[in-house]
Amino acid sequence: MAEFKVKDISLAKQGILSIEWASKHMPVLNQIRREFVKEKPLTDIVIGACLHVTKETAVLVEALTAGGAHVALCGSNPLSTQDDVAAALAEKGVNVYAWRGETTEDYYWCVNKVLDHAPLITLDDGADLVGTLHKKSGDALKNVKGGTEETTTGVIRLRTMERTGALKYPIIAVNDAYTKYLFDNRYGTGQSTIDGILRSTTLLLAGKNFVVCGYGWCGRGLAMRAKGMGAHVIVTEVNPIRALEAVMDGFRVMPIDKASVVGDVFVTTTGNISVIRKEHMLEMKDGAIIANSGHFNVEINIPDLESISSGKRTLRSNLEEYTVQNGRKLHLLAQGRLVNLAAAEGHPSEVMDMSFANQALCVRYLVEKSGMDPKVYSVPKDIDELVASLKLKAINVEIDELTEEQKSYLATWETGTI
Ligand SMILES: NC(=O)c1ccc[n+]([C@@H]2O[C@H](COP(=O)([O-])OP(=O)(O)OC[C@H]3O[C@@H](n4cnc5c(N)ncnc54)[C@H](O)[C@@H]3O)[C@@H](O)[C@H]2O)c1
């Protein structure tokens, strides 16, 4: 039996059913798992993973285990663990340290428990595992060969580590694969953020002023889906090109201090800090809803919200009502943590199929490749394209192939206007 710490091991039965449901919708990862079963490319490899403990992550863990790996897993957010899934993984023999509602102290205890397994490969979502490992003294890093990173915020942190010479082993930025961010960040976050808002509020989005802070991959997906629900979408940005894109995509763009006055629902997707602050909260309408779908719970300045409030009540699961000095009520969802994972179940399985297919293939690549420098690497192009091809095949979509004439035409410069 593996070592584990989960909320309630008796939830395992439900977790196994949830994992089965996710697995049915992850054909690409299943294909990789079947290859791993045959080829055992990860025999006796210890993998330390800090990922949201969801049913889809469990399918990834099963693929890695099928390849011969031993996996130790903790959550990458104190509020995102699906306790039934954690219990199921523990029962299946995975070293899992995760439960929903961890304190910050619990969270890092779990991260350190994973590191105690001395992983050869790390899988991270937000770079807390890598950061904790690099802060350890002695020879903590000596076993590590490489790692992968799942999200934008983690990649930003790792690039800073690389730039300042702090990064000590190679990491592949899975987030930056086309088959990751174009689908996971955009369609995954778009749909699941709406899911989290609806599960916690049950309110109508049609006709509401829906403010999306940050028009990156997540923000684009969210704005698109909110518009589809009939909301009037307003975008706030700091990047002029992204702001212009939002304008041409048909959204109103304005600074957050103006949006604060008119917004009904606010969602941050910036990966930045203090995007919504006291001065904005004081302008918001009575009843406004504030949520975050970026990686860390710093996008909404919660200490600011506490400081201007005379009290708070929990009205529903993941919905806290703050009474502000001016008498208005503001509603914070999921304590400002990723609303799609804390108040819903994260991205749909079909999307995670591609993100985690990249993860599984990158783990294999790291195990087999030697001589990599301590840098942040892109996902190899052939892995990215393979994931797209397998996904198309799985959903029965055929595409054309270049003819010989087309290939040679694209390779010449002599032929111009005819
Ligand atoms: N909820 C999820 O499941 C999920 C999934 C993927 C990524 N993420 C996280 O979401 C965040 C955004 O990821 P992304 O891939 O969209 O990143 P991105 O870099 O593509 O987009 C972020 C955007 O925010 C803008 N921005 C930065 N500061 C701002 C500010 N003060 N006001 C307004 N806009 C600002 C940037 O200019 C940029 O356009 C990251 O933290 C990422 O890790 C969450």
Side-chain angles (χ1 to χ4, degrees), residues 50-54 56-57 75-77 79-80 124-128 149-159 173-178 180-197 211-225 234-247 249 251 253-260 263 266-277 279-280 291-301 333-334 336-349 351-352 354-356 358-359:
C50 178
L51 299 169
H52 299 294
V53 182
T54 63
E56 292 76 19
T57 299
S76 55
N77 186 290
L79 265 193
S80 65
D124 220 341
D125 186 333
D128 279 342
E149 171 51 54
E150 171 75 7
T151 198
T152 315
T153 283
V155 173
I156 292 170
R157 296 175 78 194
L158 292 166
R159 290 231 159 87
V174 167
N175 179 73
D176 296 356
Y178 289 113
K180 200 281 183 180
Y181 70 82
L182 287 179
F183 306 95
D184 173 313
N185 300 30
R186 185 166 41 169
Y187 302 120
T189 312
Q191 177 168 319
S192 60
T193 301
I194 300 277
D195 188 8
I197 293 169
V211 180
V212 177
C213 302
Y215 201 65
W217 290 106
C218 295
R220 286 175 176 109
L222 177 58
M224 187 195 301
R225 292 297 176 250
I234 295 167
V235 168
T236 75
E237 250 300 343
V238 291
N239 176 324
I241 298 169
R242 295 242 163 129
L244 194 55
E245 191 187 347
V247 171
D249 284 345
F251 301 118
V253 175
M254 61 182 77
I256 184 65
D257 56 355
K258 294 219 166 68
S260 304
F266 296 81
V267 187
T268 50
T269 57
T270 69
N272 208 342
I273 193 165
S274 294
V275 176
I276 297 184
R277 304 181 292 276
E279 59 268 33
H280 310 128
N292 165 51
S293 211
H295 188 75
F296 286 122
N297 63 336
V298 295
E299 303 209 14
I300 301 159
N301 191 319
L333 305 190
R337 298 198 188 273
L338 302 133
V339 70
N340 63 327
L341 279 141
E345 290 173 62
H347 296 352
S349 310
V351 166
M352 294 317 293
M354 287 187 280
S355 306
F356 286 166
N358 276 293
Q359 287 280 6

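Ligands are counted one by one from 1 in listed order, and the atoms in each one are counted from 1 as well. Nothing fancy with the numbering, it's 1 onward along the sequence.
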| task | Provide, to 0.1 Å, the distance between atom 7 (C) of ligand 1 and the closest protein heavy atom, together with that atom's residue and name. | result | Thr151 OG1, 3.2 Å

| Numbered atoms of ligand 1 (with element) below 4.0 Å of Gly214, judged on heavy atoms | 24 (O), 25 (C), 33 (C), 34 (N)

| query | Among all residues two or more places apart in sequence or in another chain, which pass the side-chain contact (heavy atoms from CB on, under 4.5 Å) test with Ser355? | reply | Glu150, Lys180, Asp184, Met352

| query | Does the Asp124 side chain pair with the main chain of Gly126, one donor and one acceptor, at a distance under 3.5 Å? | reply | no

| task | Name the closest protein heavy atom to atom 5 (C) of ligand 1, giving the residue it belongs to and the distance to 0.1 Å. | result | Thr189 OG1, 3.3 Å

| query | Short list, please: which atoms of ligand 1 are under 4.0 Å from a heavy atom of Gly271? | reply | 11 (C), 40 (C), 41 (O)

| Within a reach of under 6.0 Å around CZ of Phe296, are more than 12 heavy atoms found that belong to other residues, nucleotides or ligands? | yes

| request: Can you sort out which atoms of ligand 1 are near Ser293, meaning under 4.0 Å from one of its heavy atoms? | output: 1 (N), 2 (C), 4 (C), 10 (O), 44 (C)

| Any donor-acceptor pair under 3.5 Å from Thr268 side chain to Cys213 backbone | no

| request: Please identify each residue that fulfils side-chain contact (heavy atoms from CB on, under 4.5 Å) with Glu279, with sequence neighbours left out. | output: Arg277

| task | Using a strict 4.0 Å threshold on nitrogen-to-oxygen distance, state whether Asp176 and Arg159 make a salt bridge. | result | yes

| remark: If we number the atoms of ligand 1 from 1 as shown, the ones under 4.0 Å from a heavy atom of Thr153 are 40 (C), 41 (O), 42 (C), 43 (O)

| message | Go through it in stages, so that I can follow the logic: the residues are His347 and Ser192, the test is side-chain hydrogen bond (donor to acceptor under 3.5 Å, both in side chains), and I'd like the CA-CA distance, side-chain angles, deciding distance and then a yes or no. | response | CA-CA 5 Å; His347 296 352; Ser192 60; 3.2 Å; yes

| query | Applying a 4.0 Å heavy-atom criterion (strictly less than), which segment of Thr152 is in contact with ligand 1: side chain, backbone, both, or neither? | reply | both

| request: Starting from atom 28 (N) of ligand 1, locate the nearest protein heavy atom and write down its residue, its atom name and how far away it is, to 0.1 Å. | output: Asn272 ND2, 3.0 Å

| request: Between Val155, Val339, Thr270, flag the one that comes closest to atom 24 (O) of ligand 1 by a heavy atom. | output: Thr270

| What atoms of ligand 1 come within less than 4.0 Å of a heavy atom belonging to Thr236? | 33 (C), 34 (N)

| query | Looking at atom 6 (C) of ligand 1, what's its closest protein heavy atom, distance included? | reply | Cys218 SG, 3.6 Å

| message | Just to confirm my output: which protein heavy-atom neighbour is closest to atom 10 (O) of ligand 1, and how far is it? | response | Gly294 CA, 3.4 Å

| request: Identify, for atom 30 (C) of ligand 1, the protein heavy atom at the shortest distance, and state residue, atom and that distance. | output: Val238 CG1, 3.5 Å

| request: Return yes or no for this condition: an N or O of Glu299 is under 3.5 Å from an N or O of ligand 1. | output: no

| Taking heavy atoms and a distance under 4.0 Å, where does Arg242 meet ligand 1: side chain, backbone, both or neither? | side chain

| said: Could you check whether any side-chain N or O of Ser260 sits under 3.5 Å from a backbone N or O of Ile256, counting only pairs where one atom can act as donor and the other as acceptor? | reply: yes

| Going by the angle between their ring planes, with limits at 30° and 60°, are Trp217 and Tyr181 parallel, tilted or perpendicular? | tilted

| note | Counting from 1 in the order shown, the ligand 1 atoms closer than 4.0 Å to a non-hydrogen atom of Asn239 are 37 (O)

| request: In plain terms, say whether Asp128 and Arg157 are close enough for a salt bridge, that is, a side-chain N and a carboxylate O under 4.0 Å apart. | output: yes

| query | Which protein heavy atom lies closest to atom 39 (O) of ligand 1, and at what distance to 0.1 Å? | reply | Glu237 OE2, 2.5 Å

| task | Work out whether the distance between some heavy atom of His52 and some atom of ligand 1 is less than 4.0 Å. | result | no

| query | Measuring from Ile300:CD1 to Asn292:CG, what's the distance to the nearest 0.5 Å? | reply | 5.0 Å

| said: Donor-acceptor check, side chain of Thr269 to backbone of Gly214, threshold 3.5 angstrom: yes or no? | reply: yes

| request: Give the residue, atom name and distance (to 0.1 Å) of the protein heavy atom nearest atom 12 (C) of ligand 1. | output: Thr269 O, 3.5 Å

